[in-house]
Amino acid sequence: MLEALKKNSAWQGRRGPVVLCIADGVGIGKYADGDAVKAASTPVLDELLASCPNTALKAHGTAVGMPSDDDMGNSEVGHNAIGCGRVFSQGAKLVAEAVETGKLFEGETWKKVIANVLNNNSTLHFLGLFSDGNVHSNINHLKAMVKQAAAEGVKVIRIHALLDGRDVPETSALDYIDPFEEFLSGIRANGCDAKIASGGGRMKITMDRYNANWAMVEAGWKVHVHGEGAKFASAHEAVTELRKATGAIDQDLDAFVISEDGQTPIGAMKDNDSVIFYNFRGDRSLEITAAFEQDEFPYFDRGVRPNVMYAGMMEYDGDLHAPKLYLVSPPEIDRTLGEYLAVSKVRQLAVSETQKYGHVTYFFNGNRSGKFDDALEDYVEVPSDVVPFEERPWMKSAEVTDVVVDAIKSGKYPFIRLNYPNGDMVGHTGDFQAVLVSMGALDIALGRVVKAVKEAGGVLVFSADHGNADDMLEHDKKGNVKLDKKTGAPARKTSHSLNAVPCIIYDPEYKGEYELKLNEGLGISSLAATCLELMGYVAPEGYDPAVMNMKK
């Protein structure tokens, strides 16, 4: 059983709470061109950086458990690292290792889904994000599974491709579709009928999260499962025609169905088929998983629900055990900051709007759905607006701040954690002007939190989970802005950056209890020890070091 935290005999903490503010997607930019964080009007953040101890924290690559330092960080792995105080190998790395070693294909789940297809002479379907962004999925994992399934005798394979344009360049879909079609032609030449069957933009269909917009999942269900939707002869044609008709970037492209005769879908799912959802990240996988697995399902009318064998790439929720079948085991994250505080009988509050609510709860707690102690933990979700983020870039920053300020004033919570999604969710749109507004709104909200922390005699730890708004234009290796091939305008960037993120300690009642110069070269996993030590505790053994050197 986990033991309670030990108090620091030389430091008892402040009279007010420690408030951990995670400004999602707000990094430290490398280039002046495209840095919406620097370009925005943020007087509060500017003052904190000028007057408070601060440092830069690594938030991508191996610092958050990704395979290499070429891999961007993301909100899932970022909040895992922040919440558990250490670095665990994450989904992208675990799946890559399972594929490379062949362990994935030796597992019971793979054997079951393949046997189901072979025994019933049925179809194997793959559904997931069609990119190599390595945030939710990797197309190379898909290729390996298609190749292996064909080698094991599967005769019919259908791919349901969710277009990215969010973790990769915004109009790069054909850069993935065209080479993949060539790959599939090789598979077909060896006797397996493998084809792309349906698709659509990831923010249009299927990949909703936190119950924000079940209509997205319903739209995906109709397209992938029933083959209902606009018909095209090929995925290339679908993307080309839909772009002409709507002007949308990949993540917002309408759904499409592939039909060779203009009427009959080539990939509608039937009884006894097998379906693999090959995304490894959990948040945007749970709702489509529920649609396939749950008998009692109130969210939309699924019509005739085919009796398929469904499996996920990973277990997306360890508490709910969803999905029932999965190919790769997720990291087993234990001894989180939240669990230590619960065992130590410390009240804590987690707050965000819907878009990041699961990040300050589920992911922060090591991929755990429930609370550690119902009596000591309060979670507040502010419902997000269901509109394009560029149309309301301030999001719910004011409402989240209302909850936080009231909580600080109440004196109930020694530890408060919150997430402002603005820099990330609006950053993904590629709309620079909207991101300027989102950062301005965040700064106004931050000013209110700073005021409340000062009045309560607390400490504010300001940081982020990864960068995004700090890098809104594509750059080449020399740092020059790339130009859009069609328009000649600067190429917009909608994916996360590889930049470090700020860590600021605002401690208005500081009296020399720690060194003002903060440690350098650390990652965001150091935020857990930082918060605990500022609260007057000794960080648990094995935690990555705090950013400041506290007197003990």
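Worth saying up front: this structure is predicted, and the values here are computed from it rather than measured.
Between N211 and T354 the shortest side-chain heavy-atom distance does not fall below 4.5 Å. Residues F280 and N134 form a side-chain contact, since some pair of their non-hydrogen atoms from C-beta on lies under 4.5 Å apart. Looking only at side-chain heavy atoms (C-beta outward), F292 and W221 come within less than 4.5 Å of each other. Looking at H428 and H496, their side chains come closer than 4.5 Å, going by heavy atoms from C-beta outward. Counting heavy atoms from C-beta outward, M313 and L94 have side chains that stay 4.5 Å or more apart. Contact annotation: the side chain of Y326 never approaches that of Y316 to less than 4.5 Å [non-hydrogen atoms, C-beta and beyond]. Side chains of Y31 and V481 form no contact here, defined as non-hydrogen atoms less than 4.5 Å apart. Between V360 and L418, the closest side-chain pair of non-hydrogen atoms is not below 4.5 Å.
Side chains of D273 and H125: a donor on one and an acceptor on the other come within 3.5 Å. At a cut-off of 3.5 Å, with distance as the only test, no side-chain donor of H466 or N74 sits close to an acceptor on the other residue. For the residue pair Y420 and T401, a side-chain donor N or O sits within less than 3.5 Å of a side-chain acceptor on the partner. A side-chain donor-acceptor contact under 3.5 Å links T289 and Y310. Between the side chains of D24 and S75, at least one donor-acceptor pair of N or O atoms lies under 3.5 Å.
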Please walk me through it: do N468 and D424 pass side chain to side chain donor-acceptor pair (under 3.5 Å)?
CA-CA 6 Å; N468 186 334; D424 187 40; 2.9 Å; yes

Full working for side chain to side chain donor-acceptor pair (under 3.5 Å) between S122 and N272
CA-CA 6 Å; S122 58; N272 299 317; over 6 Å; no

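Of the charged side-chain nitrogens involved, at least one lies within less than 4.0 Å of a carboxylate oxygen, so that D250 and R243 count as a salt-bridged pair. Ion pair D193/R158 flagged as a salt bridge, since at least one NZ, NE, NH1 or NH2 atom sits closer than 4.0 Å to an Asp/Glu carboxylate oxygen. Ionic pairing of R202 and D167 is present here: one or more N-O contacts between side-chain nitrogen and carboxylate oxygen are shorter than 4.0 angstrom. Using a cut-off of 4.0 Å between Lys/Arg side-chain N and Asp/Glu carboxylate O, K222 and D301 are scored as not salt-bridged. Between K396 and D385 there is a salt bridge, since a side-chain N of the basic residue sits under 4.0 Å from a carboxylate O of the acidic one.
In this structure, OG in S495 is found 7.5 Å from CG in D471, a value given to the nearest 0.5 Å.
Relative ring orientation between F180 and F183 is described as tilted, the plane-to-plane angle lying within the 30° to 60° band.
Scored by the ring-ring contact (aromatic ring centres under 6.0 Å, His included) test, Y210 finds H359 as partners (sequence neighbours excluded).
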